[in-house]
Number of protein chains: 4
Amino acid sequence: MLETVEQQLIDDGILADPASPRGRLLGQAARLFREKGYQSTTVRDLASAVGILSGSIFHHYKNKDAILKAVMLEGIHFSMGRMRTQLAAAETTVDKLRALIACELDSMNGNRGDAMAVVINEWRFLSDVGQADILTLREEYEQMWIDVLEQAKNERLISASPQVLRKLLYGSITWTDKWFRAGDPLSYEQLTDDILHLAIKA
Amino acid sequence: MLETVEQQLIDDGILADPASPRGRLLGQAARLFREKGYQSTTVRDLASAVGILSGSIFHHYKNKDAILKAVMLEGIHFSMGRMRTQLAAAETTVDKLRALIACELDSMNGNRGDAMAVVINEWRFLSDVGQADILTLREEYEQMWIDVLEQAKNERLISASPQVLRKLLYGSITWTDKWFRAGDPLSYEQLTDDILHLAIKA
Amino acid sequence: MLETVEQQLIDDGILADPASPRGRLLGQAARLFREKGYQSTTVRDLASAVGILSGSIFHHYKNKDAILKAVMLEGIHFSMGRMRTQLAAAETTVDKLRALIACELDSMNGNRGDAMAVVINEWRFLSDVGQADILTLREEYEQMWIDVLEQAKNERLISASPQVLRKLLYGSITWTDKWFRAGDPLSYEQLTDDILHLAIKA
Amino acid sequence: MLETVEQQLIDDGILADPASPRGRLLGQAARLFREKGYQSTTVRDLASAVGILSGSIFHHYKNKDAILKAVMLEGIHFSMGRMRTQLAAAETTVDKLRALIACELDSMNGNRGDAMAVVINEWRFLSDVGQADILTLREEYEQMWIDVLEQAKNERLISASPQVLRKLLYGSITWTDKWFRAGDPLSYEQLTDDILHLAIKA
DNA sequence: GATGAATGAGTTTTCATTCAT
DNA sequence: AATGAATGAAAACTCATTCAT
């Protein structure tokens with residue numbers, strides 16, 4: 001099911017095929033940028049991770065900044081694609097909120113999680129132009145959260161303001177990237193529930 | 001009162017006097033590391049911020065890594081010192097928890113907040129040796145949180161495990177550094193309360 | 001009439017047919033080498049100017065140096081061909097001199113002028129081997145000038161030594177490439193006359 | 001006497017002292033840019049010519065373009081300084097014209113000639129900003145020529161328009177850089193006279 | 001303690017050229 | 001003939017660090 005969403009996005013040309021040279025480069029770049037940080041990852045690191053020489057990188061991307069941007073776009077597109085699907089399948093507001101949390105958790109920690117972690121942690125290193133190009137997409141993404149949280153506020157499920165609560169949850173969820181390893185000793189589902197209960201009083 | 005804590009730590013030789021050359025360097029370093037990141041801040045940037053030439057930096061610190069470490073030590077010492085004072089003054093467990101949140105929020109966003117933000121955000125850039133040297137201190141700091149949260153758990157104020165809840169709150173609080181500007185439109189006290197209500201059901 | 005000379009040279013296989021792939025490449029190369037300089041023109045620039053990909057360039061020429069050499073040969077052959085025709089048609093020594101000046105001016109500024117400008121301005125970037133191959137031809141070209149100037153000297157039309165005068169005129173004429181745009185406000189004929197009067201006293 | 005002018009300019013801080021590190025760099029840069037061209041001269045070439053390592057170059061100049069600009073400024077300032085002195089000493093218009101020619105010839109071929117040759121031959125490789133910064137100075141320089149040529153025109157010493165004649169003489173003189181070696185077999189004075197007689201009919 | 005020129009290893013990037021398809 | 005991914009050497013430039021003064 002998750003695979004379906006990913007495959008769909010690849011077929012639509014929104015995500016690069018992970019088997020293609022470009023896709024392999026993006027995958028390795030996401031991993032390295034996450035592990036070592038954008039600035040500490042050299043173009044040589046990227047090249048050797050995909051088994052080519054450093055000069056060849058520039059056959060695929062104009063410069064290092066363009067690689068960072070591409071990684072981030074992959075991350076956001078993948079996360080949004082999956083979120084949309086899961087939101088559509090959720091019935092109650094609580095279910096929707098749980099879906100958002102689960103998706104975002106998986107975006108940071110799942111097996112395609114590197115790219116989204118890069119979006120969060122390396123954002124400041126993306127050039128101004130690159131940031132501007134991606135900003136609309138990020139805002140769209142945030143709006144999906146705000147919409148659900150406003151609904152929850154109307155239903156008196158939450159007490160804090162949606163804007164503030166979103167920021168607090170965002171911090172909690174993105175920080176999991178630094179400490180959470182699934183099933184050890186905490187399962188995904190438990191963590192999702194714990195975060196859900198930060199938000200709602202029940 | 002807060003000034004008292006800071007002054008005390010300076011007098012004890014734990015923090016550098018902000019008026020001394022060393023203290024001015026650390027203050028500027030904290031600010032620059034936070035604003036631009038450790039790696040993007042050059043030794044020249046540091047030197048020119050305190051009005052000396054780049055070569056002279058190395059009369060004060062052995063190398064750039066030593067500066068980062070010193071900044072972090074300042075951040076942690078200051079935060080812990082204040083936290084201890086405030087904890088001692090709090091009576092109930094809820095008061096203690098509120099004190100921890102308020103202190104940590106101020107550690108990230110207050111006027112001595114640069115150093116603590118550097119501890120969080122630039123941690124990975126500190127050398128292994130440096131990290132090892134500081135780790136005990138960070139653990140001591142964390143233990144203060146865990147102690148209070150375990151007490152809260154015993155009193156059934158919180159439901160999640162103290163270890164997990166600490167991590168989630170940590171994420172929420174440290175992330176404020178990226179979006180919160182005091183009084184605009186949210187006050188410090190409101191934000192403290194909002195975070196407190198993530199943790200406790202009341 | 002000029003077209004006749006050019007057509008003749010194409011028919012004789014001395015110049016490439018501008019409609020052929022090779023001819024189009026040489027034309028674009030001449031233009032780009034003149035505009036941006038040999039070193040600043042990349043093989044990709046050349047390829048994209050003729051609508052192919054960079055790798056395909058090397059099916060036509062062994063390397064970039066060979067393209068430069070071919071452009072220069074085109075330039076010299078064309079100039080010499082025309083000069084011979086015009087010299088044959090001139091009766092007096094003054095007419096011959098005027099013909100040389102007019103031809104060389106047009107070689108730099110006319111609609112086939114790019115190649116000759118490249119001969120002059122990019123000469124140093126041609127490989128030693130390439131220079132050696134072309135040198136005889138350039139000497140032959142120069143000899144046409146020297147012959148006429150010696151005749152002029154014998155007829156006391158000029159006072160300076162033919163060798164020196166040739167160099168001085170050469171500088172004046174080739175430099176026009178940097179400032180002269182025909183008819184604005186100076187016509188070709190006026191400029192030709194002005195240069196002629198540098199040489200002869202009349 | 002010439003030395004006097006040069007020394008004066010050095011004392012005034014307009015030219016760099018050839019004995020200083022900066023001055024030595026500029027001298028070698030002028031030589032290399034002239035010999036091999038700006039683009040073919042690497043920063044390593046420059047560094048090794050003055051006996052330092054390539055990275056140290058950037059201690060003196062921000063980038064390669066800044067070196068080119070500095071070389072050009074040296075060339076123009078030196079030429080103008082000397083021209084002004086010589087013009088002031090000349091009495092008749094013919095003397096002035098001869099002085100201009102002699103100065104410009106020496107600017108290209110004398111022992112400080114590298115820098116001026118670079119101004120002429122590498123102009124296109126100076127960045128747009130750099131060109132803009134120098135342009136006023138070049139115009140000032142040209143005006144000195146135009147003024148004398150207009151006077152000559154009024155006195156009916158020359159027949160062509162001052163603007164055109166200047167361009168033609170400019171080409172002749174700057175081209176000497178490619179072929180003239182003083183005293184072999186032509187002396188400076190003879191060459192100056194030959195060029196003077198291109199301009200005036202006498 | 002401060003200076004600032006120099007170091008030298010490292011970075012991103014460029015680009016002519018090759019070659020399997 | 002054309003493609004276009006890959007090569008690999010070389011380019012300009014960066015920057016923490018050293019050290020003689």
Side-chain angles (χ1 to χ4, degrees), chain A residues 20-22 24-25 38-47 50-68, chain B residues 20-22 25 38-48 50-68 125 127, chain C residues 20-22 25 38-48 50-68 125 127, chain D residues 20-22 24-25 38-47 50-68:
Chain A
S20 72
R22 211 164 235 259
R24 281 175 54 229
L25 173 54
Y38 173 73
Q39 296 197 98
S40 298
T41 303
T42 69
V43 170
R44 279 192 156 78
D45 291 336
L46 293 176
V50 295
I52 56 177
L53 289 185
S54 72
S56 309
I57 290 281
F58 299 94
H59 212 287
H60 299 286
Y61 289 97
K62 185 165 127 278
N63 52 32
K64 202 182 162 190
D65 182 68
I67 300 176
L68 180 57
Chain B
S20 72
R22 202 168 247 256
L25 174 53
Y38 173 72
Q39 296 196 96
S40 299
T41 303
T42 70
V43 170
R44 277 192 153 76
D45 291 336
L46 295 175
S48 94
V50 296
I52 58 178
L53 286 181
S54 70
S56 310
I57 288 282
F58 300 94
H59 286 286
H60 299 283
Y61 289 96
K62 184 166 129 276
N63 52 33
K64 201 184 165 190
D65 181 68
I67 301 176
L68 180 57
F125 301 118
S127 63
Chain C
S20 72
R22 202 167 245 257
L25 174 55
Y38 172 73
Q39 297 197 97
S40 298
T41 303
T42 70
V43 170
R44 276 191 154 75
D45 290 337
L46 293 176
S48 92
V50 295
I52 58 178
L53 288 180
S54 70
S56 310
I57 288 280
F58 299 95
H59 286 286
H60 298 284
Y61 288 95
K62 182 166 131 278
N63 53 32
K64 202 183 163 191
D65 182 67
I67 301 176
L68 179 57
F125 301 118
S127 63
Chain D
S20 72
R22 213 163 234 260
R24 281 177 52 232
L25 173 54
Y38 173 73
Q39 297 197 95
S40 299
T41 303
T42 71
V43 169
R44 278 192 154 77
D45 291 336
L46 293 176
V50 296
I52 57 179
L53 288 184
S54 70
S56 309
I57 289 281
F58 300 96
H59 213 286
H60 299 285
Y61 289 96
K62 185 166 127 279
N63 51 34
K64 203 182 161 191
D65 182 67
I67 301 176
L68 179 57

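Quick caveat, the model's predicted, so the values are computed rather than measured. In the text below, chain A, chain B and the rest are named by the order of the sequence lines, each starting its count at 1.
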Rounded interatomic separation in angstrom, taking CZ from D/Arg22 and C1' from E/dA6
15 Å
I want to check one thing: is the phosphate of E/dT14, taken as OP1 and OP2, less than 4.0 Å away from some side-chain N or O of A/His59?
no
Provide, to the nearest angstrom, the distance between the CG atom belonging to C/Leu25 and the P atom belonging to F/dA1.
12 Å
Separation of E/dT18 P from C/Tyr61 OH (nearest whole Å):
17 Å
Among F/dA12, E/dT3, F/dA6, the one nearest D/Thr42 by side-chain distance:
F/dA12
Distance test, side-chain N/O of B/His60 to OP1/OP2 of E/dA2, below 4.0 Å:
yes
Take N1-N3 plus N6-O4 or O6-N4 for Watson-Crick, N1-O2 plus O6-N3 for G-U, both under 3.5 Å. Which runs of 3 or more such pairs involve DNA chain E?
E:2-21 with F:2-21
Ignoring backbone atoms, test whether D/Ser56 places a side-chain nitrogen or oxygen under 4.0 Å from the OP1 or OP2 oxygen of E/dA5.
no
Please state how far atom CG in A/Leu53 lies from atom P in E/dT12, giving the value in whole angstrom units.
15 Å
Check the pair B/Leu25, B/Ile52 against side-chain contact (heavy atoms from CB on, under 4.5 Å), reporting the backbone distance first and the verdict last.
CA-CA 10 Å; B/Leu25 174 53; B/Ile52 58 178; 5.9 Å; no
At what distance, to the nearest 0.5 angstrom, does CG of A/Leu68 lie from CG of A/Asp65?
6.0 Å
Of all heavy-atom pairs linking D/His60 and D/Arg22, the shortest is O-NH2, 2.9 Å
Map B/Ser54 and A/Gly51 onto DNA chain F by nearest heavy atom, then report which one ends up closer to the 5' terminus.
A/Gly51
Looking at every strand, decide which applies to B/Thr41 at a 4.0 Å heavy-atom threshold: base, sugar-phosphate, or nothing.
sugar-phosphate
Rounded to whole Å, the CD-P distance (C/Gln39 to E/dT14) equals 17 Å
Measure CG/C/Leu46 against C1'/E/dT17 and give the value in whole Å, please.
14 Å
Nearest non-hydrogen partners of D/Ala66 and D/Tyr61, listed with the distance:
O-CD2, 4.0 Å
I want to confirm an ordering. Mapping D/Arg44 and C/Asn63 to their closest nucleotides on DNA chain E, which one lands closer to the 5' end?
D/Arg44
Evaluation steps, side-chain contact (heavy atoms from CB on, under 4.5 Å), between C/Tyr38 and C/Ile67:
CA-CA 10 Å; C/Tyr38 172 73; C/Ile67 301 176; over 6 Å; no
I want to verify a distance call: between F/dT17, E/dA16, E/dT12, whose nearest atom is closest to the A/Phe58 side chain?
E/dT12
Of all heavy-atom pairs between D/Val43 and D/Ser54, which one has the smallest distance, and what is that distance?
CG1-O, 3.8 Å
Per atom distances to the C/Ile52 side chain, the nearest of E/dT12, F/dA6, F/dT3 is F/dT3
How long is the gap from CD1 on A/Ile57 to NZ on A/Lys64, to the nearest 0.5 Å?
11.0 Å
If you find the nucleotide of DNA chain E closest to C/Lys64 and the one closest to A/Lys62, which residue's nucleotide is nearer the 5' end?
A/Lys62
Contact nearer the 5' end of DNA chain F, comparing A/Ile57 with B/Gly55
A/Ile57
